[in-house]
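All residue numbers in this chain count up from 1 along the given sequence.
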Amino acid sequence: MTRCLTSTILAVLLGAGSAFAQAKATAQNVPEIQYESVPNFFKLPAGLYFGEAIGIATNSKGHVFVYTRSANTRLFEFDQNGVYVREVGEGAYNFEFAHSVRVDKDDNIWVVDEGTNTVTRFNPEGHITMVLGRRPPAVQGMPAAPPPPPPPAAKYTFGRPTDVAWDPQGNIFVSDGYVNHRVVKFDKNGRFVKMVGSERAGGEPSQFSTPHGIAVDLNGNVYVADRGNNRMQVFDNNLVLRNIYDNIGVSWTVCISPGPHQYLFTSNSNPNGNTPGSWDITGEIYKMELDGTIIGKFGHASKQLGGFQVVHMMDCRNPDQIFVAEIESWRAQKLLLKPATGTPVRPTTTAAR
């Protein structure tokens, strides 16, 4: 599939990336979690390669989906042993510039594509069953950037969305993203319900600067990786602010494990381009309780297997077995975590309720 927007979007991404300064986490005395990286887990067919590994997710059978972008945006499925199964959605109209992939409780596969401003649901067989947002028709050419101030964010139109999540009732939450700076709630049928944030970036509570990842716990609370503000914000199901966790560096992506005891994971990813000094203060992933208590951290910035080259997304369906997708090493890894030892770090920042 020809990507007519690629060069322009890449230029914007590179320009935007320079605006994100690396941020050292302020949490002190965090226990280290030992882990192993499974070598050569993903087995691609001959002649097929990962580009930038942008999204990663697992389904109930343990199959792994890797959302990757290079000459084309593609979605690959592997079985629980890392053996290639199939490609989902090859050549689909919503594939232009990948950003995230998630799998819901019914094993539907959701992809967020910032190049087409769409959030799309595939059923387990790989057929499209829902589309949120709309791709600008190519016949109209490249849309001109609106002069300041930016137009108000619309209910059903995204501006380079970044991630998607659901609550137990099936309501859909979208982080939207690079052009808009908001989180939008839709009902299970895709009808607009509410939003928090706006078309403008901001650093106050309930404002965002590039909300880059999103997850929802079993109580319906919404966790947003507020990347440009170096924090995570937590909202109730009505998008009313509950907490702010601002001691974990750049909250690049967020994941919540299922089960009766849920764990929260977030990555203080080293920035694109490996700016000078960034490897010394970034690259780790935090394992947390939902209340913000830090159980431990693991990983570091590195080109070598076992280290991370810009973790863009992770899967934590099994909280002791984490999958990570990395941009700059063009790879995905399966990590096996060992139990954390040491004293957890209690949260220090709580928003008024």
### Message
Side-chain heavy atoms nearer than 4.5 Å, only ILVMFWY residues, links allowed to pass through others: does that put Val64 and Tyr84 together?
### Response
yes

### Message
Do Arg135 and Tyr93 form a cation-pi contact, if we require the NZ or CZ to be under 6.0 Å from the six-membered ring centre and within 45 degrees of the ring's axis?
### Response
yes

### Query
Are Tyr286 and Val30 close enough that some pair of their side-chain heavy atoms sits under 4.5 Å apart?
yes

### Query
Would Asp236 and Arg242 count as a salt bridge (Lys or Arg N to Asp or Glu O under 4.0 Å) if you check the C-alpha gap in whole Å, the side-chain angles of each, and the deciding distance to 0.1 Å?
CA-CA 6 Å; Asp236 68 15; Arg242 297 284 299 275; 5.1 Å; no

### Task
Step through the shown structure and confirm whether more than 12 heavy atoms of other residues, nucleotides or ligands are within 6.0 Å of CD on Glu87.
yes

### Query
Taking all non-hydrogen atoms of both residues, which atom of Thr275 and which atom of Asn272 are closest, and how far apart?
CG2-O, 4.4 Å

### Query
Side chain of Asn270, backbone of Ala301: donor and acceptor closer than 3.5 Å?
no

### Message
If you count every heavy atom of other residues, nucleotides or ligands that lies below 6.0 Å from Lys155 atom NZ, does the total exceed 12?
### Response
no

### Message
Whether the side chain of Ser175 engages the backbone of Gly177 through a donor-acceptor N/O pair (distance < 3.5 Å, no angle test) should be reported.
### Response
no

#### Entry: Tyr178 and His212, any side-chain heavy atoms less than 4.5 Å apart
yes

### Task
Any chance you could lay out the side-chain contact (heavy atoms from CB on, under 4.5 Å) test for Phe323 and Leu335, step after step, and finish with the verdict?
CA-CA 6 Å; Phe323 289 93; Leu335 310 175; over 6 Å; no

### Task
Decide yes or no for Asn108 and Phe122: does some side-chain heavy atom of the first lie under 4.5 Å from some side-chain heavy atom of the second?
no

### Task
Among Glu326, Glu328, His99, find the one that has a side-chain contact (heavy atoms from CB on, under 4.5 Å) with His312.
His99

### Message
Quick one about Asn274 and Trp279 (side-chain donor to acceptor, distance below 3.5 Å, no hydrogens or angles considered), yes or no?
### Response
yes

#### Entry: Leu336 and Tyr35: CA distance, side-chain angles, deciding distance, side-chain contact (heavy atoms from CB on, under 4.5 Å) verdict
CA-CA 5 Å; Leu336 304 178; Tyr35 68 100; over 6 Å; no

### Task
Count the heavy atoms of every other residue, nucleotide or ligand shown that sit under 6.0 Å from CG of Asn189, and state whether that count exceeds 12.
yes

### Query
Hey, does the side chain of Asp79 reach the backbone of Asn81 with a donor-acceptor pair shorter than 3.5 angstrom?
yes

### Query
Does the side-chain contact (heavy atoms from CB on, under 4.5 Å) test come out yes or no for Thr73 and Glu96, once each step is laid out?
CA-CA 6 Å; Thr73 280; Glu96 179 68 38; 5.7 Å; no

### Summary
Tightest non-hydrogen contact, residues Asp167 and Gly220, listed as CB-CA, 4.2 Å

### Query
Do Gln321 and Leu337 have side chains that get closer than 4.5 Å, going by heavy atoms?
no

### Query
Do Tyr67 and Asp113 come within less than 4.5 Å of each other through their side chains, counting heavy atoms only?
yes

### Task
List the steps, then state whether side-chain hydrogen bond (donor to acceptor under 3.5 Å, both in side chains) holds for Asn94 with Thr118.
CA-CA 7 Å; Asn94 60 299; Thr118 57; 4.8 Å; no

### Message
Check whether Ser269 reaches the backbone of Val311 with its side chain - one donor and one acceptor, N or O, closer than 3.5 Å.
### Response
yes

### Query
Out of curiosity, Leu218 CG to His261 NE2, how far, rounded to the nearest 0.5 Å?
11.5 Å

### Query
Is the side chain of Ser257 donor-acceptor paired with the backbone N or O of Tyr263 at a distance under 3.5 Å, no angle test?
yes

### Message
Donor-acceptor pair, distance only, cut-off 3.5 Å: does the side chain of Thr282 make one with the backbone of Ser278?
### Response
yes

### Query
If we only count heavy atoms from C-beta on, is the Ile295 to Pro31 side-chain gap below 4.5 Å?
no

### Query
Can you tell me how far the OH atom of Tyr156 sits from the CZ atom of Phe186, to the nearest 0.5 Å?
7.0 Å

### Task
Looking only at non-hydrogen atoms, find the nearest pair between Arg317 and Pro319 and report the distance.
O-CD, 3.7 Å

### Message
Hydrophobic clusters here meaning ILVMFWY residues chained together by side-chain heavy-atom distances under 4.5 Å, can you tell me if Phe41 and Leu48 are in one?
### Response
yes

### Query
To the nearest 0.5 Å, what is the distance between OH (Tyr223) and CE (Met288)?
9.5 Å

### Query
With no hydrogens and no angle check, is any side-chain donor or acceptor of Asn229 less than 3.5 Å from a backbone partner on Gly202?
yes

### Query
Closest heavy-atom contact between Val88 and Gly126?
CG1-CA, 4.2 Å

### Query
Do Val111 and Leu75 pass the side-chain contact (heavy atoms from CB on, under 4.5 Å) test, and can you show the C-alpha distance, the side-chain angles, and the key distance before you say yes or no?
CA-CA 9 Å; Val111 293; Leu75 178 61; 3.9 Å; yes

### Query
Can you tell me if Glu284 and Asn268 form a side-chain donor-acceptor pair at under 3.5 Å?
yes

### Message
Strictly distance-based, threshold 3.5 Å: is any side-chain N or O of Asn123 a donor or acceptor partner for the main-chain N or O of Glu125?
### Response
yes

### Task
Check the pair Thr68, Arg74 against side-chain hydrogen bond (donor to acceptor under 3.5 Å, both in side chains), reporting the backbone distance first and the verdict last.
CA-CA 5 Å; Thr68 178; Arg74 306 178 77 171; over 6 Å; no

### Message
Would you say that Phe95 contacts Thr116 through its side chain, given a criterion of any heavy-atom pair below 4.5 Å between the two side chains?
### Response
no

#### Entry: Donor on one side chain, acceptor on other, Ser251 and Thr266, under 3.5 Å
yes

### Task
Determine, using ring centers only, whether Phe76 and Phe42 are less than 6.0 Å apart.
no

### Query
How close do Ser60 and Asp107 get, heavy atom to heavy atom, and via which atoms?
OG-OD2, 2.6 Å

### Query
Just checking, Arg102 and Trp110: is the charged tip under 6.0 Å from the six-membered ring centre and within 45° of the axis?
no

### Task
Check the hydrophobic clustering (I, L, V, M, F, W, Y; side-chain heavy atoms under 4.5 Å; chains of links allowed) and say if Val224 and Val196 are grouped together.
yes

### Message
Within the structure provided, determine whether Ile248 and Met232 are in side-chain contact (heavy-atom separation under 4.5 Å).
### Response
yes

### Message
To the closest 0.5 Å, what do you measure between CD (Glu199) and CG (Asp176)?
### Response
11.0 Å

### Message
For the CG atom of Asn247 and the OG1 atom of Thr26, what is their distance to the nearest 0.5 Å?
### Response
4.5 Å

### Message
On a heavy-atom basis, which atom in Pro161 and which in Val174 lie closest, and how many Å separate them?
### Response
CB-CG1, 4.2 Å

### Query
Counting only N and O atoms by type, is there a donor-acceptor contact under 3.5 Å from the side chain of Tyr245 to the main-chain atoms of Val234?
no

### Query
Parallel, tilted or perpendicular for Phe208 and Phe235, by the 30°/60° rule?
tilted

### Query
Between Ser198 and Arg182, does any side-chain donor sit less than 3.5 Å from a side-chain acceptor?
no

### Summary
Interatomic distance, CG@Asn180 vs CG@Asn117, rounded to 0.5 Å, equals 8.5 Å

### Query
Between the main-chain N or O of Arg231 and the side-chain N or O of Asp246, is there a donor-acceptor pair closer than 3.5 Å?
no

